[in-house]
Amino acid sequence: MILEDIGHEALSFVGGVGDLALFGIRVLGSIPATRGLFRRALRAVHEVGIRCLPVVAIVGLFTGIVLGLEGYHTLARLGSESVLGSLVLLSLVRELGPVLAALMIIGQSGSALAAELGIQRNSEQIDALGTMGINALGFLAAPRLIASIFVYPILTLAFNASGIIGGAISGCLVMGLDPGVYRTSAEGALGSGDLAECLVKSAVFGVLTVAICMHQGYTAHLRVGVSGARSVSLSTTRAVVLACVTVLAADALITSAFL
Amino acid sequence: MKSSSRPLLKVSGLRKAFGDHVVLARIDLSVPRGTIVSVLGRSGAGKSVFLKCLAGLIVPDAGQILLDGRSSGTSGGQRTPSGPRASFLFQGNALLDSLTAFENVALPLAQTTSLSPDEIVSRAEGALDRLGLGAFGRHYPSQLSGGMQKRVALARALVTEPEIVLFDEPTAGLDPLSRNAVFELIVRLRQDLGFTAVIVTHDVVEALEASDRVALLDQGHIRFEGDPESFMASRDPMVSDLRDSAGALARHVAGITGVTPLAGRFLT
C-alpha cells in the first residue's frame with residue numbers, strides 16, 4: 001500500500017514535470033508569431049519591478065542588518081570583525097540575495113500571476129483569445145517569461161544593495177565598526193565569478209518560478225473535482241509552494257555547479 | 001428572408017460526450033449564408049457545448065463541421081479553430097480585464113492582421129462608435145455596466161468583419177429591456193454588415209422575432225428545425241411548451257412585445 005502510494009506520487013511528479021516542460025516549450029514556440037512581444041515584456045518588467053521593489057528592498061535591508069549583527073558577533077570572537085563587509089557581501093551575492101529575492105518575488109508577484117491566469121481561464125478570457133486567432137500563450141505567457149530573465153536579476157541586485165546598506169547600519173552604526181573598514185573589506189571581496197553566480201541563479205530562478213506560476217494558473221480549469229474560485233485558490237497555493245521548493249532545489253544544483 | 005440556398009455552415013453527425021454523459025448525440029444543421037439561426041433548448045441541453053464545438057473550443061468526438069465547404073474539424077480530430085472568418089460572443093463577454101474597451105476591440109486587429117496602426121485605431125473607434133461606445137474607449141471593463149460590456153464584446157466580435165458570428169446566450173444576465181435592445185442590435189448589425197449568425201439562447205420571444213430559422217436542441221438531437229412560422233405552427237409537445245411559455249412571457253412582461261405583432265418586430 002505504501003509502495004503503491006509512493007509509486008503514484010512519483011508518477012504524478014514525473015507527469016507534472018513533463019507537463020511543465022511541454023508548457024515551457026509551447027510558450028517558447030509561441031514567441032516568433034507573437035506581435036508586440038517586447039513591448040509587453042517591457043511592461044511586465046515594469047509592473048513586476050514596481051510591485052516587488054519595495055518588499056525586496058525592505059527584506060534586503062533587514063537581512064543585511066541581521067547579517068551584520070550576527071556576523072559581527074561571530075567574527076569578533078575570532079578577532080576578525082574587520083572582514084564583516086566581505087562576509088555580508090559574499091553571503092548576499094552568492095546565496096541570500098538570489099534566493100530570498102526570488103522567494104519575495106514569488107510571494108508578491110508569482111501568486112498574483114497564477115491567480116490572474118486562473119481567473120482569465122475561468123472567465124473564458126483565454127478561450128476568447130483563441131477564438132480571435134490569437135495564441136494565448138504568446139500573448140499572456142511569453143512576455144512574462146522573457147521579463148523574468150531581466151527582472152529577477154535586477155531585483156536581486158536591489159536586494160543585495162539594500163542588504164549591504166543594512167549590514168553597514170548594524171555593523172557600523174550599532175556595533176561601532178569603522179565604516180572605512182567595512183567598505184574596504186566589502187570592496188575587495190567580490191570576484192567576477194561571484195557576481196556571475198548571482199545573476200545566473202536569479203535568472204534561472206526567474207524563468208523556473210514564472211513558468212511554474214503561469215502553468216498552475218493556465219491549467220486551473222483542469223483540476224479534478226474543483227472549479228471556479230476554488231480551482232484558482234488551489235492553483236495559487238500550489239504555484240507558490242512548488243515555486244519556492246524549486247528555488248531551493250535549483251539553488252543547491254547551481255551552487256554545486258559553481259563551486 | 002435573407003437566406004440563400006448554399007449553407008455557409010454545415011454540421012453533420014456532430015457528437016460530444018463527457019465520460020458517459022452524451023451531450024450531443026448526433027447534430028445535423030445547416031446555416032444558410034446571411035441568415036440568423038437561433039438554437040433553443042432547455043438548460044443543460046448542450047447548446048453552449050454545440051456552439052463551442054463550432055468555435056473550436058471543444059473538440060467533438062465525431063462529426064464534421066464545414067465552413068463554406070471547408071472542413072474546420074473532423075471526428076476525433078484536432079482542435080477546430082474558427083479562424084478569422086468567425087467570431088464568438090461569449091456569454092460572460094470574456095473581455096480582457098487588463099485592457100481598456102478600445103484595446104479589447106483593437107486587439108484582434110493588432111494581433112492577427114497586417115493593418116497599419118492608424119487603420120487599426122480607425123476601425124476600432126468606428127466599431128465602438130457604431131455601438132454607441134465612442135466615449136468609453138478608455139474605460140476598463142470593470143468600469144462599464146453589463147450592457148455596455150456586452151456591446152464592447154460585440155464590437156470586438158465584429159471589428160474583424162467576420163462572415164459568421166456565434167452568439168452564446170447574448171442576453172444572459174440582462175434585464176428584459178436590455179435583452180430586447182441586444183437582439184435589435186444584432187438584427188440591425190446583421191443588416192448593415194451582412195454577417196451570418198448562430199445564436200444560442202433561452203429567449204424564445206426574441207429568438208423567434210430576430211431569426212430567419214430556429215432549431216430546438218433536445219437530448220442531444222435537433223428536435224425541430226424550421227422558420228419561426230413553422231415553429232409557431234408545430235404540434236411537437238416541446239415546441240408547444242416553449243411557445244406557450246413565450247406567449248405567457250410576451251403577455252406579461254412590459255416592453256418586450258407591447259402591441260407589436262410577434263413576427264418581424266426587429267425587422268421592420
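In what follows, every chain begins at residue 1, and chains take the letters A, B, ... in the order their sequences are listed.
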Intermediate values then yes/no, side-chain contact (heavy atoms from CB on, under 4.5 Å), B:Phe90 and A:Thr131: CA-CA 10 Å; B:Phe90 285 82; A:Thr131 62; 3.8 Å; yes
Audit row: B:Asp97, A:Gln125, side-chain contact (heavy atoms from CB on, under 4.5 Å) steps and yes/no: CA-CA 9 Å; B:Asp97 42 25; A:Gln125 293 176 43; 3.1 Å; yes
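Without hydrogens or angle criteria, A:Gln120 side chain to B:Leu96 main chain gives no donor-acceptor distance under 3.5 Å.
Interface remark: B:Leu95 contributes backbone atoms only to the contact with chain A (heavy atom separation under 4.5 Å). Only the backbone of B:Ala110 has a heavy atom closer than 4.5 Å to any heavy atom of chain A. Using a 4.5 Å cut-off between heavy atoms, A:Ile126 makes no contact with chain B at all.
Annotation for B:Arg42: atom CZ does not count as buried by contact number, only 12 or fewer foreign heavy atoms lying within 6.0 Å. The number of heavy atoms from other shown groups lying within 6.0 Å of CZ (B:Phe18) is above 12.
Residue pairs satisfying the side chain to side chain donor-acceptor pair (under 3.5 Å) criterion with at least one member in residues 132-141 of chain A, sequence neighbours excluded, are absent.
Note that CD1 of B:Ile58 is 8.5 Å distant from CG of A:Asp127, once rounded to the nearest 0.5 Å. Atom CG in B:Leu107 sits 11.0 Å away from atom CZ in A:Arg35 (nearest 0.5 Å). Taking CD of A:Glu47 as the start and OG of B:Ser98 as the end, the distance is 8.0 Å to the nearest 0.5 Å.
Listed by chain and number, the residues in a salt bridge (charged side-chain N to carboxylate O under 4.0 Å, His left out) with A:Glu124 are B:Lys52 (sequence neighbours excluded).
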